[in-house]
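A note on names: the letters A, B, ... follow the listed sequences, proteins ahead of strands, and every chain is numbered from 1.
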Amino acid sequence: MYGVGRGFASVLSGNSTIALEAGFAQYPPLMSMVRRQYPFHLIEPKWQRFWEERQSFRAWNPGETLPSEHPFARRHGLGGRLSSAEEMPPKYFILDMFPYPSGAGLHVGHPEGYTATDILARYRRARGWHVLHPMGWDAFGLPAEQYAIKTGQHPRITSKRNIATFKRQIQALGFSYDWSREVDTTDPGYFRWTQWIFLQLYNSYFDPEWNKATPIALLEDALSDAPRRESEWRGNPFLSGTHKAWIEMPPEQKYGLRRQFLDRWRLAYVAEAPVWWCEALGTVLANEDVVDGKSEVGGHPVVRRPMRQWMLRITAYAERLLADLDTIDWSPSLKDMQRNWIGRSDGAEIDFVVASSGGEASDGAPRIRVFTTRPDTLFGATYMVLSPEHKLMDEITTPAQREAVLEYKARAAAKSDLDRTDLSKEKTGVFTGGHAFNPATGERIPIWIADYVLASYGTGAIMAVPAHDTRDYEFARKFSLPIVQVVEPPAGTDWRGYVDDGVAVNSAAGDLSLNGLPTAQAKARMTEWLEAKGLGVRTVNYKLRDWLFSRQRYWGEPFPIVWRQDASGNWFHEALPESALPVLPPELDDYKPTSEGEPPLARAREWVHLGEGVRRETNTMPQWAGSCWYYLRFLDARNDAVFVSRAAERYWMGTSDGRPRSVGPESDTDASGSSCAAADAAPRPGVDLYVGGTEHAVLHLLYARFWHKVLYDLGHVSTPEPFYRLVNQGLILGEDGQKMSKSRGNVVNPDAILDEYGADAFRLYEMFMGPLQDSKPWSTKGVEGVYRFLGRVWRLFIDERSETEFEQNCAAEPRRAAEHLEAIRLSPKIEEAAPAPAQLKALHACIQKVTEDLDGLRFNTAISAMMVFVNEAMTWPNRPVPVLRDFLILLQPFAPHLAEELASRLPPAGEWGAEGLDLAYQPWPRFDPALLIEETLEIPVQVNGKLRDVVRVPVTATAPEFERAALAAPKVQPFIEGKTVKKVIVVPKKLVNIALG
RNA sequence: GCCGGUGUGGCGAAAUGGCAGACGCACGGGACUUAAAAUCCCGAGGCCUUCAACAGCCGUGCGGGUUCGAAUCCCGCCACCGGCACCA
């Protein structure tokens, strides 16, 4: 496996000099030929093969029969039986964000999270959990397609090759994935279910009464003359109201409107949406694919263009996506990012009546509806602004202003969104000539058009309160519009441009006065008044937009949709039946869009045209689609009948029996009072731990949550949230402290590190660098440090003489290296003796620290605790076997290959070494707090908070004894002589502080 | 501009109200060696004094506060990183 040039390297596995002669002829100078700390090049492939052959890390679904020889079955006494969810230990689902297998291969950033989760997966197995730890490939995507356009090579081939590289690299790290559950989003057996989920969305609508996704069949039923499912929707005012409207509709209109109505309500719908079109890539891009006005991939220019697109109605879930953040264990900053993205704001919609040309209000006059979060400032609204796209524009614009307005509209349309929203640009706008009445003051105020008002947010129109809104203030000053104060700021602050809360002033007319009310109350009062008068209504707005779900690409999931024409020649869409899945993409020679700008799939004429005027949809789904639900497929990856079986879903998502279990595997047998927290032992609803980078903080995680909720509403999954706990790993920077990038030339290739130091050292270093969540720079020197530590562990166990023999034998017969490895003997210092108290103490301190640190995800300090233990153990005259055994169990999650190798050499005892129980399944040792108790303690003595001396006192000492010892401490004397002791603070077993007067 | 995070030796870091710098890197000295590598042992925050040691003083981005005691808690500022950004 580490075969590179290593005919030679493997010969040189020790401090042998004989090997050099063979090597020198072919290989360049000595430099890289440092002595290996231990023969990891033989050990690591050996154990990887062992785990693979035994399927050591396979997880089992309820209903499967466990082979009696499998280590998990052995450990839990489940061998040879049909397993049920009740019999199996509680699950622990630990998930990595699966990678996009790029051509560049693995990056040192990938294994950081993967190592962390692997350590925890192994730790949980040792603690008795049933661990699900899978891996797969997010393999649809643009790079493979771009490569195909350039070379004509099918993206499937590129993807397969990249997956093979990624898999080889990941497996070389010894991760304990259950490879029998591997998924690949480009596999028809997988994307068939992605398409199936799309059909679920297509065939559902969001019911405003029930606040959840509901089969569209129910809405169809309500839109029929003789409903058959009335009993299901009678209690639902929305559906019964819809039905009533249907019945009252003139028959000649009914059937034309029916399809339109249904299609408008679907969770997956078609809309003419302004989208980012990238000429160079020949596709539309979602907002998230566009960074600073350029395509995220390749940095090509993009323009805004209206196109027919598939959309997903994620906005319907805005409130639930927001509210349910409170039920999951994510970092506050991550939740904040999601909250900001959803962007809830509470306010009111207010109608402004447009003044007729004569200047009076009339009944039939059009109304402009605005959204504001500050209804309390309505008295200060001195003008209005419409977005350039506003639909009432023509009605409002006076003939005199028409030309200017049209010109402004044209200019705004030509601008990209980047230009429009660009930073601190001067505000622009044009007066429409029209006026409206401020509903509070009754005053006639001018209506302007300006592109600082966005058509896509709120109502696309605002009331401008220049005194208390930064943007309106700038605009008003530029165009000399009146500015009226209506909020009194705290003393000393200028009211002009004051946007925070204050007290309402100048806000009274007729039966309404807000004067003197603090902002919060003024808002409430104003809203009440507006609602009572029918002029406005309390409203909640979200920044979140519906999800643009189609791409004009080849390498993505085709939609399971066809188009037909109705009698009047209009096209309408229709879902394919489930039996038509998977819809495979056609084979093409050319992956570019057509010259007419149609997606590449349109090139496949036979594929597109199904006869009788039926055409397939030629868009494909975005890359997010496959990653939206892959964690569910892992639960039952080979099931051809359903996307995940009910039993597997309930077991692994922690809702077996429809209720979460309350007790973990070990909490009830926890006799030692060790750190095994009972609270932590309960299975979580959903993925127990999901680890990945912050780059997916909003999009992937929001989209996946959305799909999950839809599936939950439709009864396909049993939890409202997919990922119970989520941790973002930090970025690994280059050695120069900069972000790793090819252009900086600071990219570290994991293969090179593995060759030189081995997988165990690599894993250990990635965890030793610092806290998982922090960004931190790579240091190859640092790898050497942990590598030396592993060498010390090796020498703690191994007889150095027999290692020298091993090296010589390998030099002589490199082909028999594996046999020579087996001949290495244990150190003579290792004996089956009862450990001395000091030895037990060192071990148990280590157990405690490693256990607690793993529970808290503090890998770096857990490793340092093991270093401390080994440093001490190296000085012992003898090395008792029981102590070493426990230590290896602690080491196993971090450096599994070395730990297994050393464990296999220790003498058997009980289950230890028994056929069929891997080290990975040995029960985690519990520490005995009694062993850690010191007889005497070193207590620091402070005078006025400054350390002056240290005294030794028995653990049993009482507070007065502490005090006496402290006051008698020799080095304290000069500081207290001749002074009055005001107070002595005794913190038992910790410290004494003498405060002087 | 708004939101979040971080700031500790030459470097990665530890300590989250109680001995600042565990562990590791780099560095210096020693042992082993013909020599080097590897390994093992020892040293090490800064300043001042001293032959040396002891002792002393300063020290966790900056300024203030709470406390017997602050890297840790509170207030104000600065710098860097990440996210959002005309969202009314």
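Listed by chain and residue number, nothing satisfies the side chain to side chain donor-acceptor pair (under 3.5 Å) test with A/Gln973 (two or more places apart in sequence, or in another chain). Partners of A/Ala959 according to the side chain to side chain contact (heavy atoms under 4.5 Å, CB included) rule, which considers only residues two or more places apart in sequence or in another chain, are A/Val986. Remark: A/Phe475 pairs with A/Tyr383, A/Trp448, A/Tyr452, A/Phe479 by the ring-ring contact (aromatic ring centres under 6.0 Å, His included) rule, at least two apart or across chains. Shown here are the side chain to side chain donor-acceptor pair (under 3.5 Å) partners of A/Asp774, two or more places apart in sequence or in another chain: there are none.
Of the listed nucleotides (B/rA14, B/rG12, B/rU39), B/rA14 has the atom at the smallest distance from the side chain of A/Thr861. Residue A/Thr372 places its side chain closer to B/rA88 than to any other of B/rA88, B/rA26, B/rC19. In this structure, of B/rA88, B/rG4, B/rC86, it is B/rC86 that holds the atom nearest to the side chain of A/Asp451. For A/Pro771, counting side-chain heavy atoms from C-beta on, the closest listed nucleotide (B/rA14, B/rC19, B/rG24) is B/rA14. Listed nucleotides B/rG83, B/rA13, B/rG24 differ in distance to A/Met867; the shortest reach to its side chain belongs to B/rG24.
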Would you tabulate the side-chain donor-acceptor contacts of residues 945-952 of chain A under 3.5 Å, counting partners in other chains and residues two or more places apart, or write 'none'?
residue: A/Asp949; atom: OD2; partner: A/Lys971; partner atom: N; Å: 3.1
residue: A/Arg952; atom: NH1; partner: A/Thr936; partner atom: O; Å: 3.4
residue: A/Arg952; atom: NH1; partner: A/Thr936; partner atom: OG1; Å: 2.4

N/O contacts under 3.5 Å, protein versus nucleotides 63-69 of chain B?
residue: B/rC68; atom: O2'; partner: A/Asn993; partner atom: ND2; Å: 3.3
residue: B/rC68; atom: O2; partner: A/Asn993; partner atom: ND2; Å: 2.5

Short N/O separations, protein against nucleotides 57-60 of chain B, under 3.5 angstrom:
residue: B/rC57; atom: OP2; partner: A/Arg948; partner atom: NH1; Å: 3.2

Restricting both atoms to N or O, compile the protein contacts to nucleotides 70-78 of chain B shorter than 3.5 Å, with distance only.
none

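The residue A/Ser345 sits close only to the backbone: its heavy atoms come under 4.0 Å of sugar-phosphate atoms, none of a base. Note on A/Val987: a base of the nucleic acid sits closer than 4.0 angstrom, heavy atoms only. Here A/Ser864 lies in heavy-atom contact (under 4.0 Å) with a base. Nucleic acid contact class of A/Asn871 (heavy atoms, under 4.0 Å, all strands): sugar-phosphate only. Across all strands, A/Lys781 comes closer than 4.0 Å only to sugar-phosphate atoms, never to a base (heavy-atom distances). When heavy atoms are screened at a 4.0 angstrom cut-off, A/Arg339 is found touching no nucleic acid atom at all. Counting non-hydrogen atoms under 4.0 angstrom, A/Asp774 reaches nothing in the nucleic acid. Counting non-hydrogen atoms under 4.0 angstrom, A/Pro332 reaches nothing in the nucleic acid.
Separating the C1' atom of B/rG29 from that of B/rU16 is a span of 37 Å, rounded to the nearest Å. A distance of about 12 Å separates the C1' atoms of B/rA14 and B/rU60, rounded to the whole Å. Nucleotides B/rG12 and B/rC68 have their C1' atoms positioned 35 Å apart, rounded to a whole Å. Nucleotides B/rU72 and B/rG83, compared at atom C1', are 27 Å apart to the nearest Å. When the C1' atom is used for both B/rG18 and B/rC73, the distance is 14 Å, rounded to whole Å. For B/rG10 and B/rG64, the C1' atoms lie 31 Å apart once the distance is rounded to whole Å. With C1' as the reference atom, B/rA13 and B/rG24 are 8 Å apart, rounded to whole Å. Remark: the separation of the P atoms in B/rG4 and B/rA22 is 34 Å, to the nearest Å.
For the pair A/Glu784 CD and B/rC25 P, the computed distance is 9 Å after rounding to whole Å. The CZ atom of A/Phe962 sits 13 Å away from the C1' atom of B/rG18 (whole-angstrom rounding). In this structure, the CD atom of A/Gln729 is 21 Å from the P atom of B/rC81, given to the nearest Å. For the pair A/Leu857 CG and B/rA14 P, the interatomic distance rounds to 14 Å; values are reported in whole Å. Rounded to whole angstrom, the span from the OH atom of A/Tyr457 across to the C1' atom of B/rA85 amounts to 13 Å.
For the residue pair A/Asn541 / A/Ser345, no side-chain donor-acceptor distance below 3.5 Å is found, with atom types taken as modelled. When only modelled atom types and interatomic distance are considered, A/Tyr408 and A/Thr428 share a side-chain donor-acceptor pair under 3.5 Å.
For RNA chain B, the stems formed by at least three consecutive Watson-Crick or G-U pairs, with both atom-pair distances below 3.5 Å, span B:1-7 with B:78-84, B:10-12 with B:23-25, B:27-31 with B:39-43, B:45-47 with B:56-58, B:61-65 with B:73-77.
Within the structure, a side-chain polar atom (N or O) of A/Gln37 is placed less than 4.0 Å from OP1 or OP2 of B/rU39. Close to B/rA26, at under 4.0 Å from its OP1 or OP2, lies a side-chain N or O of A/Arg788. The shortest distance between the side-chain N/O atoms of A/Lys971 and the OP1/OP2 oxygens of B/rA55 is below 4.0 Å.
Sorted by first and then second residue, the salt bridge (Lys or Arg N to Asp or Glu O under 4.0 Å) pairs with a member in residues 864-876 of chain A form an empty list; sequence neighbours excluded. Among residue pairs with one or both ends in residues 857-867 of chain A, those qualifying as salt bridge (Lys or Arg N to Asp or Glu O under 4.0 Å) are A/Asp853-A/Arg858; sequence neighbours excluded. Judged as a side chain to side chain donor-acceptor pair (under 3.5 Å), not a single pair has a partner in residues 984-997 of chain A (not counting sequence neighbours).
With salt bridges taken as basic N to acidic carboxylate O contacts below 4.0 Å, one links A/Arg339 and A/Asp326. Contact check on A/Lys841 versus A/Glu934 returns a salt bridge, with a Lys/Arg side-chain nitrogen under 4.0 Å from an Asp/Glu carboxylate oxygen.
In B/rG9 the base sits syn relative to the sugar, since the glycosidic angle is no further than 90° from 0.
Residue order along RNA chain B, read from the 5' end via each residue's closest nucleotide, puts A/Lys849 first among A/Lys849 and A/Ile863. Of the two residues contacting RNA chain B, namely A/Lys990 and A/Arg374, the nearest-nucleotide position lying further toward the 5' end is that of A/Lys990.
We find the CH2-CG distance between A/Trp330 and A/Leu726 to be 5.5 Å, quoted to the nearest 0.5 Å.
Between the A/Asp346 side chain and the A/Val540 main chain, no donor and acceptor come within less than 3.5 Å of each other.
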For a side chain to side chain contact (heavy atoms under 4.5 Å, CB included) check, start with the C-alpha distance between A/Ile445 and A/Met463, then their side-chain angles and the critical distance, and finish with the verdict. CA-CA 10 Å; A/Ile445 59 175; A/Met463 62 179 212; over 6 Å; no
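With A/Trp794 as the partner, the side chain to side chain donor-acceptor pair (under 3.5 Å) test is satisfied by one option alone out of A/Gln37, A/Glu800, A/Glu803: A/Glu803.
Between A/Tyr703 and A/Trp547, the ring planes are parallel. Angles under 30° get that label, and only those over 60° would be called perpendicular.
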